[in-house]
Amino acid sequence: MRFLSKRHLLGPPYSTATSMKKRMIPFIGWTLALLLLPVTAAAQSEEFTVATYNVRNLFDTLNEPGIHDMVLSPDEYQAKIEALATVIAALRPDVLALCEVENATVLRDLLAASPLDTVPLRYVHYDSPDPRGIDVALLYRTDRLRAVASEPIAAPERYSTRDILRVELQSLRSHWQAVVYAVHLPSKRGGTSRAARMRELLAAQLAALIRQEPPEKHVVLMGDMNDTPGSRLFRRYWSELTCLTQAPHRRGLGSYAWRDAWLMYDNILVRPPLENVSEARIFLRKGMLTEEGRFQGYPRREVSDHLPVYVRLCF
């Protein structure tokens with residue numbers, strides 16, 4: 001912004017009458033306010049694409065002793081890495097929660113694969129005690145954000161499942177901070193009472209953690225909840241949060257297909273007053289759905305059996 005000189009602001013120091021000075025002062029004040037408003041607003045507002053994606057069994061080609069992991073052939077692994085890199089590059093996220101990644105090696109290979117290798121992304125990841133060896137991770141753009149803190153948070157009662165991943169991000173431009181919780185709650189598959197109880201305990205744990213976050217920090221909770229908006233889990237534990245995936249869920253949209261129905265298992269919630277610029281959307285491009293056969297129209301499992309969910313947030 002070009003600042004006016006003192007001479008321009010006040011006029012000739014000796015030839016201007018006092019009444020003219022009195023008229024000029026309010027005018028100067030309003031002019032400066034109008035000039036400064038756009039700069040101030042721009043400094044306080046940034047838009048980010050925030051997304052979550054269950055990448056389904058992103059395992060490497062090695063058998064990990066003591067872990068019930070899936071071992072991919074070199075060709076299967078390379079094809080999956082390349083397919084996921086293509087999807088994520090097209091999605092263009094600023095922040096992305098990933099579910100079902102085995103280790104840091106698969107994350108490094110993913111970020112090094114074309115066309116994702118040209119995007120300035122970094123990952124945050126910790127190994128968890130999940131018996132299948134799958135973890136959650138967070139990707140973020142290093143040209144817009146930096147991670148100032150991160151930690152894995154274990155499930156209650158030493159339950160063997162994915163850790164909760166907590167990451168504090170800071171904007172490089174305006175220096176606001178946001179706390180992101182990336183989660184993958186235990187599956188409903190099998191319907192065991194212990195798994196159901198642990199889902200409740202984890203949801204309660206997340207609610208308590210979010211309440212402890214300082215009010216000046218933005219909070220985002222996202223990941224594969226293995227449940228849909230409006231369910232008991234959401235109503236009982238996350239009623240203080242805004243579920244950005246609830247509206248598309250009510251219209252029958254979803255990120256996971258099961259028995260010819262779409263389910264919104266991958267969700268994004270925020271703590272008010274954080275607001276979304278646009279409604280949460282399902283990301284879908286050519287090649288992400290099965291084109292023929294029994295599972296025509298379902299997500300192509302060679303890529304993932306889930307579709308990414310994203311939203312534009314204004315921080």
Side-chain angles (χ1 to χ4, degrees), residues 38 40-55 84-99 115-116 118-124 136-147 165 167-183 210 213 216-225 228-229 234 238 240-256 262 264-285 288 304 306-315:
T40 304
Q44 293 178 348
S45 179
E46 293 181 86
E47 286 188 18
F48 290 86
T49 299
V50 177
T52 180
Y53 190 17
N54 183 325
V55 293
L84 289 173
T86 300
V87 171
I88 295 171
L91 176 60
R92 301 177 65 183
D94 295 298
V95 182
L96 174 63
L98 293 178
C99 300
L116 205 55
T118 61
V119 184
L121 289 169
R122 188 171 293 172
Y123 66 84
V124 180
V136 294
L138 194 78
L139 306 183
Y140 65 95
R141 286 190 65 115
T142 58
D143 59 339
R144 302 196 68 192
L145 299 159
R146 71 184 183 99
L165 177 60
V167 182
E168 290 187 42
L169 297 172
Q170 184 178 63
S171 163
L172 297 181
R173 192 183 81 179
S174 53
H175 304 297
W176 56 259
Q177 288 192 357
V179 178
V180 177
Y181 287 92
V183 301
I210 291 171
E213 297 292 351
E216 68 273 11
K217 289 185 178 179
H218 304 298
V219 178
V220 179
L221 167 61
M222 61 180 173
D224 182 353
M225 313 303 185
T228 57
F234 283 72
W238 301 328
E240 298 176 4
L241 305 177
T242 302
C243 181
L244 303 180
T245 40
Q246 186 169 15
H249 162 71
R250 286 175 174 171
R251 296 199 305 272
L253 302 178
S255 58
Y256 180 74
W262 285 101
M264 189 67 78
Y265 272 7
D266 303 274
N267 290 280
I268 303 174
L269 300 91
V270 298
R271 183 176 69 178
L274 183 57
E275 295 182 356
N276 54 310
V277 177
S278 62
E279 184 181 89
R281 299 178 184 275
I282 310 298
F283 185 79
L284 180 60
R285 292 293 186 274
M288 295 176 66
S304 175
H306 289 244
L307 297 175
V309 178
Y310 71 100
V311 69
R312 294 285 292 175
L313 295 179
C314 187
F315 293 105

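All heavy atoms count here, side chains included; hydrogens, waters and symmetry mates do not. Throughout, numbering of the chain's residues begins at 1 and tracks the sequence.
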Enquirer: Which of these, Val219, Leu241, Leu313, sits in a side chain to side chain contact (heavy atoms under 4.5 Å, CB included) with Val270?
Expert: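 Among Val219, Leu241, Leu313, the one meeting side chain to side chain contact (heavy atoms under 4.5 Å, CB included) with Val270 is Leu313.
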Enquirer: If we ignore hydrogens and angles and just use 3.5 Å, is the side chain of Asp94 paired with the main-chain N or O of Thr49 as donor and acceptor?
Expert: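 Side chain of Asp94 to backbone of Thr49, a donor-acceptor pair under 3.5 Å: yes, one is there.
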Enquirer: Any heavy-atom pair between the side chains of Cys243 and Trp238 that's under 4.5 Å?
Expert: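 Side-chain contact under 4.5 Å: no.
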Enquirer: Using 0.5 Å steps for rounding, measure from the CG atom of Leu138 to the OG1 atom of Thr52.
Expert: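 Atom-to-atom, Leu138:CG and Thr52:OG1 are 9.5 Å apart.
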Enquirer: Before you tell me yes or no, could you show the steps for Arg146 and Glu168 under salt bridge (Lys or Arg N to Asp or Glu O under 4.0 Å), namely the whole-Å CA-CA distance, both residues' side-chain angles and the distance that decides it to 0.1 Å?
Expert: CA-CA 8 Å; Arg146 71 184 183 99; Glu168 290 187 42; over 6 Å; no
Enquirer: Kindly determine whether Val50 and Met222 satisfy side-chain contact (heavy atoms from CB on, under 4.5 Å), including the steps that lead there.
Expert: CA-CA 9 Å; Val50 177; Met222 61 180 173; 3.5 Å; yes
Enquirer: Under 3.5 Å, is there a donor-acceptor pair between the side chain of Thr142 and the main chain of Leu121?
Expert: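 Here the side-chain-to-backbone pair does not exist.
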Enquirer: Report the C-alpha distance between Tyr53 and Leu96 in whole Å, list the side-chain angles of each, state the deciding distance to 0.1 Å, and finish with yes or no for side-chain contact (heavy atoms from CB on, under 4.5 Å).
Expert: CA-CA 7 Å; Tyr53 190 17; Leu96 174 63; 4.0 Å; yes
Enquirer: Do the numbers put Arg144 on top of the ring of Phe48, so that NZ or CZ is under 6.0 Å from the six-membered ring centre and no more than 45° off the axis?
Expert: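 Positive - Arg144 is close enough to the ring of Phe48 and near enough to its axis.
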Enquirer: Got a sec, which residues hit side chain to side chain donor-acceptor pair (under 3.5 Å) with Thr245, two or more places apart in sequence or on another chain?
Expert: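 By the side chain to side chain donor-acceptor pair (under 3.5 Å) rule, Thr245 matches Asn267.
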Enquirer: Are side-chain heavy atoms of Asn276 and Arg312 found at a separation under 4.5 Å?
Expert: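 Of all side-chain heavy-atom pairs linking Arg312 with Asn276, none is under 4.5 Å.
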Enquirer: In this structure, which one of Leu91, Asp266, Val95 forms a side chain to side chain contact (heavy atoms under 4.5 Å, CB included) with Tyr310?
Expert: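 Per the side chain to side chain contact (heavy atoms under 4.5 Å, CB included) rule, the option paired with Tyr310 is Leu91, out of Leu91, Asp266, Val95.
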Enquirer: Do you know the tightest heavy-atom contact between Ile268 and Ala51?
Expert: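 Heavy atoms only, the tightest pair is CD1-CA, 4.3 Å.
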Enquirer: Side chains of Met225 and Leu269: does their closest heavy-atom pair fall under 4.5 Å?
Expert: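 Yes, their side chains come closer than 4.5 Å.
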Enquirer: Identify the two heavy atoms, one from Glu279 and one from Val311, that lie closest to each other, and give their separation to 0.1 Å.
Expert: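 Closest pair (atom of Glu279, atom of Val311, distance): C-CG2, 4.1 Å.
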Enquirer: Quick one: closest heavy-atom pair of Ile282 and Ser255, and the distance?
Expert: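 That would be CD1-N, 4.2 Å.
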Enquirer: With a 4.5 Å cut-off on side-chain heavy atoms, are Val220 and Tyr181 touching?
Expert: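 The answer is no; the side chains never approach within 4.5 Å.
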Enquirer: Kindly give the heavy-atom pair with the smallest separation between Ala137 and Ala182, and that separation in Å.
Expert: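 For Ala137 and Ala182, the tightest heavy-atom pair comes out as O-CB, 4.5 Å.
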Enquirer: Got a sec, which residues hit ring-ring contact (aromatic ring centres under 6.0 Å, His included) with His249, two or more places apart in sequence or on another chain?
Expert: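 Partners of His249 by the ring-ring contact (aromatic ring centres under 6.0 Å, His included) criterion come out as none, since no residue qualifies.
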Enquirer: How long is the straight-line distance from CZ of Arg281 back to CG of Leu253, given to the nearest 0.5 Å?
Expert: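 Spacing of CG (Leu253) from CZ (Arg281) equals 10.5 Å.
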Enquirer: Name all residues meeting the ring-ring contact (aromatic ring centres under 6.0 Å, His included) criterion together with Tyr265; count only those two or more places apart in sequence or in a different chain, and write none if there are none.
Expert: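 For Tyr265 the ring-ring contact (aromatic ring centres under 6.0 Å, His included) partners, ignoring immediate neighbours, are Tyr256.
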Enquirer: Cys314 and Glu46: side-chain contact (heavy atoms from CB on, under 4.5 Å), yes or no, with the steps?
Expert: CA-CA 5 Å; Cys314 187; Glu46 293 181 86; over 6 Å; no
Enquirer: Rounded to the nearest 0.5 Å, what's the gap from CZ on Arg92 to CG on Leu116? Could you check?
Expert: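 So the CZ of Arg92 and the CG of Leu116 are separated by 12.5 Å.
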Enquirer: Taking all non-hydrogen atoms of both residues into account, name the closest pair between Ala147 and Val124 and its distance.
Expert: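 Looking at all heavy atoms of both residues, the closest pair is CB-CG2, 4.5 Å.
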Enquirer: Looking at every non-hydrogen atom in both residues, tell me the closest pair between Leu244 and Ala280 and how far apart they are.
Expert: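 So the minimum-distance heavy-atom pair works out to O-CB, 3.1 Å.
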Enquirer: Is there side-chain contact between Glu240 and Pro272, with at least one heavy-atom pair below 4.5 Å?
Expert: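 When only atoms from C-beta onward are counted, Pro272 and Glu240 do not touch, as no gap falls below 4.5 Å.
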Enquirer: Are Asp224 and His306 close enough that some pair of their side-chain heavy atoms sits under 4.5 Å apart?
Expert: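 Answer yes - side chains close enough.
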Enquirer: Answer yes if the side chains of Glu216 and Trp176 hold a donor-acceptor pair under 3.5 Å, and no otherwise.
Expert: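 No, Trp176 and Glu216 have no side-chain donor paired with an acceptor closer than 3.5 Å.
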Enquirer: Could you go through Leu98 and Leu139, starting from their C-alpha distance and side-chain angles, then the distance that decides it, and tell me whether this counts as side-chain contact (heavy atoms from CB on, under 4.5 Å)?
Expert: CA-CA 8 Å; Leu98 293 178; Leu139 306 183; 3.9 Å; yes
Enquirer: Give a yes or no answer on whether the side chain of Arg271 reaches the backbone of Ile210 with a donor-acceptor pair at less than 3.5 Å.
Expert: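 Judged by distance alone, yes, a pair lies under 3.5 Å.
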Enquirer: Under 4.5 Å between any side-chain heavy atoms of Gln177 and Leu169, yes or no?
Expert: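 The answer is no, as the side chains (C-beta and beyond) never meet within the 4.5 Å cut-off.
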Enquirer: Answer yes or no: is there a donor N or O on one side and an acceptor on the other, between the side chain of Ser304 and the main chain of Asn54, under 3.5 Å?
Expert: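 Such a contact is found between Ser304 side chain and Asn54 backbone.
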Enquirer: So, taking the atom named CD in Gln170 and the one named NZ in Lys217, what distance separates them when rounded to the nearest 0.5 Å?
Expert: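 Answer rounded to 0.5 Å: 9.5 Å.
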